[in-house]
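Counting begins at 1 with the first residue of the sequence.
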Amino acid sequence: MTTRRHQSVRWRSRPSVSRALGALCAVAAAGGLLTGCGGNDTGDSTTASPSAEPAQAQATSPSPTDASPASPTAASPSPSESRLTEDQAERKEIVPKVKVGWDKALDTTVQKVPDAKPVAVELDGPADKPAWKVEVADADGTARTVRVDAVTGTADEARTDSDQDPDDKRELADLLKKATVTPQQAVQTATDRTKGTVTAVELGDTDQGSPKWSVDVVTTDNWNKTTYDIDATNRKILREHVDRD
């Protein structure tokens, strides 16, 4: 946002003064009849004085614009506001509105889908109605998704992922079997390193095919997001990335 500054235009009137008046003033001053007289070629008022320069400074009348207050300027955004990126501003808008944490949303989902195992929990918009998108899976890898209101905690009915094919289910079931670290333990590892609000927890795999948990933590002092990749077999931190965008 650009601050606009308005400058008042300064002006000064220049009344004409006749030579005759100037001569009369000179005569009167010599006779001690007048204490002051207006008029020189510049239009500034002076008082009769042996020194013309100080007299001009004392008798000069201020311009009408001199007494007017400075023109107001448009309000500027605070430095912290102006430095936020689009993603940071979005986090700042959504995260403070969350009243139900990721773990409560996961518990609510597991109650709706008994015997299911956690796969992912992610905070989603819009800002005026934030919600947790929670994914769990059966032992055979069939994924189900439940949307949980992040303010009230109410949950929609579970939906089965219709895009899964047999290979997808088999791979997911295999990851769930290999993952011995719970999402709660992975989050604890991440938040021990960075204090903040957890906005996502997701099960995935490394390039070597071993399971890992990815945990996003948002710090509310600068609205950056730190992502931790944590080995889902031993809680070792594999990667730490700070998103300052």
query: Does the side chain of Arg147 reach to within under 4.5 Å of the side chain of Thr145, using non-hydrogen atoms?
result: no
- request: Give the minimum heavy-atom separation between Val100 and Thr152, together with the two atoms involved.
  value: CG2-C, 4.1 Å
message: Taking Gly125's backbone N and O only, do any of them form a donor-acceptor pair with Glu90's side chain (distance below 3.5 Å, no angle check)?
response: no
Full working for side-chain contact (heavy atoms from CB on, under 4.5 Å) between Val148 and Thr154: CA-CA 6 Å; Val148 181; Thr154 58; over 6 Å; no
message: Return the CG to OG distance between Leu238 and Ser210, rounded to the nearest 0.5 Å.
response: 7.0 Å
- prompt: Are any non-hydrogen side-chain atoms of His241 and Arg239 less than 4.5 angstrom apart?
  reply: yes
- request: Can you see which heavy atom on Val151 is nearest to which on Pro130, and at what distance?
  value: CG2-CG, 4.0 Å
- prompt: Could you walk me through whether Ile237 and Arg193 pass the side-chain contact (heavy atoms from CB on, under 4.5 Å) check?
  reply: CA-CA 10 Å; Ile237 296 177; Arg193 290 284 294 269; 3.2 Å; yes
task: With Asp174 as reference, evaluate Lys177, Arg170, Lys178 under the salt bridge (Lys or Arg N to Asp or Glu O under 4.0 Å) test and give the passing residue.
output: Lys178
task: Check for a donor-acceptor pair, side chain of Thr206 on one end and backbone N or O of Gln208 on the other, with a separation under 3.5 Å.
output: yes
query: Which atom pair, heavy atoms only, marks the closest approach of Val215 to Ala190?
result: CG1-CB, 3.8 Å
task: Kindly compute the distance separating CD1 (Ile230) from CZ (Arg235), expressed to the nearest 0.5 Å.
output: 8.0 Å
Thr142 (side chain) donor-acceptor with Asp138 (main chain) under 3.5 angstrom: no
- request: Using a 4.5 Å cut-off on heavy atoms from C-beta on, say whether the side chain of Glu240 contacts that of Thr227.
  value: no
query: Going through the checks in order, is the side-chain contact (heavy atoms from CB on, under 4.5 Å) test met by Thr194 and Thr219?
result: CA-CA 8 Å; Thr194 300; Thr219 47; 3.5 Å; yes
field: Residue pair Lys97 / Lys129, side-chain heavy-atom distance below 4.5 Å
entry: no
message: Just checking Lys133: does its NZ atom have more than 12 heavy atoms from other residues, nucleotides or ligands closer to it than 6.0 angstrom?
response: no
- line: Here the pair of heavy atoms bringing Gly141 nearest to Ala173 is N-CB, 3.8 Å
field: Given Asp243, Asn224, Asn222, the one that forms side chain to side chain donor-acceptor pair (under 3.5 Å) with Gln88
entry: Asn224
message: Show, in sequence, the C-alpha distance, side-chain angles and deciding distance for Thr199 and Asp216, and conclude whether the side chain to side chain donor-acceptor pair (under 3.5 Å) test is met.
response: CA-CA 6 Å; Thr199 58; Asp216 290 347; 4.5 Å; no
query: What closest approach, in Å, do Gly209 and Leu175 show between heavy atoms, and which atom pair accounts for it?
result: O-CD2, 4.4 Å
message: For Thr182, is there any backbone N or O sitting under 3.5 Å from a side-chain donor or acceptor partner on Gln185?
response: yes
message: Does Glu135 form a salt bridge (Lys or Arg N to Asp or Glu O under 4.0 Å) with Arg144? I'd like the steps, not just the answer.
response: CA-CA 6 Å; Glu135 182 179 348; Arg144 305 179 193 279; over 6 Å; no
field: Flag if over 12 foreign heavy atoms under 6.0 Å of CG, Asp115
entry: no
message: Please determine whether side-chain contact (heavy atoms from CB on, under 4.5 Å) holds for the pair Arg91 and Leu84, giving the CA-CA distance in whole Å, both sets of side-chain angles, and the decisive distance to 0.1 Å.
response: CA-CA 10 Å; Arg91 294 172 198 139; Leu84 292 180; over 6 Å; no
Gap separating the OG1 atom of Thr109 from the CG atom of Asp156, nearest 0.5 angstrom: 10.0 Å
query: Counting distance only, does the side-chain N/O of Asp168 pair as donor-acceptor with the main-chain N or O of Asp165 below 3.5 Å?
result: yes
field: Separation between CG of Leu203 and NZ of Lys117, rounded to the nearest 0.5 Å
entry: 10.5 Å
message: I'd like to check Val187 versus Val201 (side-chain heavy atoms, cut-off strictly below 4.5 Å). Are they in contact?
response: yes
message: Under a 4.0 Å threshold between the charged nitrogen and the carboxylate oxygen, would Lys225 count as salt-bridged to Asp87?
response: no
message: Minimum heavy-atom separation for Leu172 and Ala137, please, with both atom names.
response: CD2-CB, 3.7 Å
- line: When rounded to the nearest 0.5 Å, the distance separating CD of Gln164 from CD of Glu171 is 10.0 Å
- prompt: Is it true that a side-chain atom of Glu122 and a backbone atom of Val134 form a donor plus acceptor pair closer than 3.5 Å?
  reply: no
- prompt: Side chains of Thr233 and Lys212: does their closest heavy-atom pair fall under 4.5 Å?
  reply: no
message: Measuring from atom OG1 of Thr108 to atom CD of Gln111, what distance do you get when rounded to the nearest 0.5 angstrom?
response: 5.5 Å
Side-chain (Trp213) to main-chain (Val181) donor-acceptor, under 3.5 angstrom: yes
- prompt: Ignoring hydrogens and geometry, is there a side-chain-to-backbone donor-acceptor pair from Thr191 to Lys195 under 3.5 Å?
  reply: no
query: Which is it for Asp231 and Lys236 under the salt bridge (Lys or Arg N to Asp or Glu O under 4.0 Å) test, yes or no, and what are the steps along the way?
result: CA-CA 5 Å; Asp231 193 307; Lys236 179 181 178 180; over 6 Å; no
task: Determine whether Val95 and Trp223 make a side-chain contact, defined as any pair of heavy atoms from C-beta on separated by less than 4.5 Å.
output: yes
- request: Taking the side chain as every heavy atom from C-beta outward, state whether Trp132 and Val98 have any pair of such atoms under 4.5 Å apart.
  value: yes
